[in-house]
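What follows is a single structure, written as structure tokens, with notes after it.
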Amino acid sequence: TGQSWTCGLPEPSVQLKGGVATGAGPGYQERETWTRQMDFIMSCVGFAVGLGNVWRFPYLCYKNGGGVFLIPYLLIVFVGGIPIFFLEIALGQFMKAGSINVWNIAPLFKGLGYASMVIVFFCNTYYIMVLAWGFYYLIKSFNATLPWSTCNNEWNTPSCIEIFHQQDCSNGSLSNATVTGNMTCAELEDARSPIIEFWENKVLNISSGLDEAGQVNWELTLCLMAVWVLVYFCVWKGVKSTGKIVYFTATFPYVVLIILLVRGVTLPGAYNGIMYYIKPDWSKLQEAQVWIDAGTQIFFSYAIGLGALTALGSYNRFNNDCYKDAFILALINSGTSFFSGFVVFSILGFMAAEQGVDVSQVAESGPGLAFIAYPKAVSLMPVAPLWAALFFFMLLLLGLDSQFVGVEGFITGILDLFPGKYQHRYKREIAVALCCLLCFIIDLSMVTQGGMYVFQLFDYYSASGMTLLWQALWECIVVAWVYGADRFMDDVARMIGYRPFPWMKWCWSFLTPCLCMGIFLFHLVNYKQLTYNNVYVYPWWGEVIGWCLALSSMLCIPVSLLYKLFRAKGTLRERWAHLTSPVWGAHHLEYMVEAGPPPAQMKGFSAILSREGGVDMQHTWT
């Protein structure tokens, strides 16, 4: 431009002379970046590849037609999973901001950032309970005899039975025959496995319902405290330390998975288990639930809508090829899910063979697989404590990196709200400590006898499929229709040096929003009342609490939008134009300068460079 100008700040923020950036004022801090690009890749792997890949996908694959499930799964990966995954990383990298300030790209919709912060906060709060349970099991694994393998413990009941072969009672005429100990076949219908009694009577010490909190389990509380301390020291120094820790926490679970697979396929019954996992049932493709399960699983396992991917992307170099990264990470994520199925079902096949039952009777998902089915299977193996310790160590690492990257995403969003204020030397450390402490206090409700009911409330409502789908739907609408899909594709091209395949733009504009809305409406229409173990039905006030958790994030978007529109001045059109104008950061000035003189089509283009104290700092290209 050949002109000298400054943004109209009290003290110059960025000055351009002759098209060269000459400096940044005190309000502008250079953003921290990853030491190596591999740090970013490993952090995304650690965050997105978690417990859902190991304990949820294999079960869904088996339940929904085996290998046939991969058809809807892969279709939705390319229509919904990868486009939104790429969108979130690219947004963070382009805006150099966490989950709230990234929506300066269209400030009217900053409620999206607040919604993702609420969701990730709830996730951080309840997800760590799985790590506390896993840590508890890991400690208990260091015994010559696994405590969940016998019935002679203080928490066991007279109904406990260690080994029961189903075929012994397959003949109905034997209902009064004594087959095991002093029990008849009729009595064995109410018998309980020692692993179920260990889980419900010892670990959870579960009460009769949500309204009966009961006592605090102090052993579990100490495990919870230990895991939170671990998370704190993983996050407190920022991405420089987090990026190093994930090299171990993200890769070692793969080593354990390979060891468990080698062990699993050598066990009797493993082949039957694996065939149950992959054997195709083509008729399942006609069922809507199969497609819904595929979509929901992708949104969960890709960690979409939580804002943490945006935070991780914000620490990238501006010219990093995030398009290529998105495909690599999607391949790792989905590949891990599929590979985990062979590990899980080879061992479930062994357990089914040992008990003389069908694989369908031992197949579980979620906590049922991690804390009941799998521990039961390893208790039947030679050198059981070794395999139990390996499995729970893997479980701990899988969850740990997802947890501390989630906390990192939350802290990034909070600190970005106060970039030039409260410049305390230990600002970050204090913020992380307060976040961990607050979550720990809420978690105390989950280590009581009624804690499992509280945990399920958070799991079912706060970060459910509906909240994530609602978030993803709005992300696509804002980027594609408010900011402009072509405009964002141009921004991505400026970052990575080439224009992504138009498929991304089509997905953001049409396919992905339709997919999200379709699955969202299906969830809403087929809503079922929350139950525990299909027996205990939650009271009405419990469901009210659950819906409050869900709506606390979902309402952030419309409420924030209406609030900003009502507060703005001018006609509705003027308010819309003003509130959807991007607020650029200082790094955007640098990249505009590096790109050379503005092209002819940018003449008259007016960009808001920053907002301080409610005043817009604006420059118009000439």
Side-chain angles (χ1 to χ4, degrees), residues 48 50 52 56-57 60 64 72-89 91 99 103 109 111-123 126-127 288-310 330 333-334 337 406 409 457-482 504 506-528 530 546-561:
R56 196 163 183 265
F57 176 86
L60 288 179
N64 291 312
Y73 180 83
L74 290 174
L75 274 173
I76 295 173
V77 160
F78 285 102
V79 173
I82 294 176
I84 303 181
F85 193 86
F86 169 55
L87 174 68
E88 292 195 357
I89 292 174
L91 258 181
S99 56
W103 295 106
F109 295 90
L112 266 166
Y114 295 115
S116 66
M117 290 287 281
V118 172
I119 296 171
V120 82
F121 176 76
F122 286 147
C123 260
Y126 84 87
Y127 186 85
Q289 187 62 50
V290 173
W291 295 80
I292 300 305
D293 281 348
T296 308
Q297 171 61 14
I298 287 161
F299 280 85
F300 270 119
S301 68
Y302 277 49
I304 287 166
L306 300 176
L309 293 174
T310 306
N333 195 319
S334 295
S337 295
L457 266 185
F458 273 81
D459 186 42
Y460 195 73
Y461 291 100
S462 68
S464 64
M466 279 200 297
T467 55
L468 299 181
L469 289 161
W470 177 255
Q471 184 78 3
L473 171 68
W474 279 98
E475 286 180 10
C476 290
I477 291 171
V478 173
V479 171
W481 295 102
V482 178
M504 288 293 171
W506 302 335
C507 285
W508 296 335
S509 303
F510 306 105
L511 299 176
T512 309
C514 289
L515 174 73
C516 292
M517 181 56 75
I519 301 176
F520 178 83
L521 291 175
F522 184 90
H523 273 292
L524 211 56
V525 171
N526 292 280
Y527 170 76
K528 293 176 183 174
L530 180 59
W547 277 107
C548 286
L549 292 173
L551 292 173
S552 63
S553 64
M554 294 171 73
L555 290 178
C556 283
I557 302 165
V559 168
S560 171
L561 186 149

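Both backbone and side-chain heavy atoms feed into the values below; hydrogens, waters and symmetry mates do not. For clarity, every value in this text was computed on a predicted model and none was experimentally measured. In this chain, residues are counted from 1 in sequence order.
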Full working for side chain to side chain contact (heavy atoms under 4.5 Å, CB included) between I119 and S462: CA-CA 6 Å; I119 296 171; S462 68; over 6 Å; no
Side chain to side chain contact (heavy atoms under 4.5 Å, CB included) assessment of Y527 paired with F522: CA-CA 8 Å; Y527 170 76; F522 184 90; over 6 Å; no
Trace of the side-chain hydrogen bond (donor to acceptor under 3.5 Å, both in side chains) decision for D293 with Q297: CA-CA 6 Å; D293 281 348; Q297 171 61 14; over 6 Å; no
Stepwise side chain to side chain contact (heavy atoms under 4.5 Å, CB included) test for W291 and L75: CA-CA 10 Å; W291 295 80; L75 274 173; 3.9 Å; yes
Derivation and outcome, side chain to side chain contact (heavy atoms under 4.5 Å, CB included), residues C516 and I84: CA-CA 11 Å; C516 292; I84 303 181; 4.3 Å; yes
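Taking the side chain as every heavy atom from C-beta outward, Y127 and D459 never approach each other to under 4.5 Å. E475 has its side chain within reach of W103: a pair of non-hydrogen atoms, C-beta onward, lies under 4.5 Å apart. I82 is listed as a side-chain neighbour of V77, based on a closest heavy-atom distance under 4.5 Å. Counting heavy atoms from C-beta outward, L306 and L468 have side chains that approach closer than 4.5 Å. Side-chain contact between Y73 and N64 is absent, with no heavy-atom pair separated by less than 4.5 Å.
Separation of atoms OG1 (T467) and CE (M554) is listed at 7.0 Å; rounding is to 0.5 Å. Going from atom CE of M466 over to atom CG of L469 covers 9.0 Å, rounded to the nearest 0.5 Å. Atom CG of residue L521 and atom CE of residue M517 lie 5.5 Å apart, to the nearest 0.5 angstrom. Annotation: the span from F85 atom CZ to I304 atom CD1 amounts to 7.5 Å, rounded to 0.5 Å. Atom CD1 of residue I519 and atom CG of residue L524 lie 13.5 Å apart, to the nearest 0.5 angstrom. The CD1 atom of I89 sits 8.5 Å away from atom OG1 of T310, with the distance rounded to the nearest 0.5 Å.
A pairwise comparison of heavy atoms in M117 and G409 identifies SD-O, 4.4 Å as the closest pair. Taking all atoms of both residues into account, the shortest heavy-atom contact from L549 to Y461 is CB-CB, 4.5 Å. For the pair L515 and G80, the tightest heavy-atom approach, listed with the atom from each and the gap, is CD2-CA, 3.9 Å. Among all heavy-atom pairs drawn from M504 and F86, the shortest one is SD-CD2, 3.8 Å. Between A472 and F299 the shortest heavy-atom distance is CB-CE2, 3.5 Å. A pairwise comparison of heavy atoms in V79 and P83 identifies O-CG, 3.5 Å as the closest pair.
In this structure, the side chain of W470 does not engage the main chain of F520 through any donor-acceptor pair within 3.5 Å. Panel note: side chain E88, backbone G307; no donor-acceptor pair is recorded below 3.5 Å. The backbone N or O of S509 lies less than 3.5 Å from a partner atom in the side chain of W481, making a donor-acceptor pair. Looking only at distances, no side-chain donor or acceptor of S560 sits under 3.5 Å from a matching main-chain atom of I557. Of the possible polar contacts, one joining the N333 side chain to the S301 backbone as a donor-acceptor pair under 3.5 Å is found. Not a single donor-acceptor pair under 3.5 Å links the side chain of T512 to the backbone N or O of C476.
Looking only at atom types and distance, the side chain of Y114 has no donor-acceptor partner in the side chain of S553 under 3.5 Å away.
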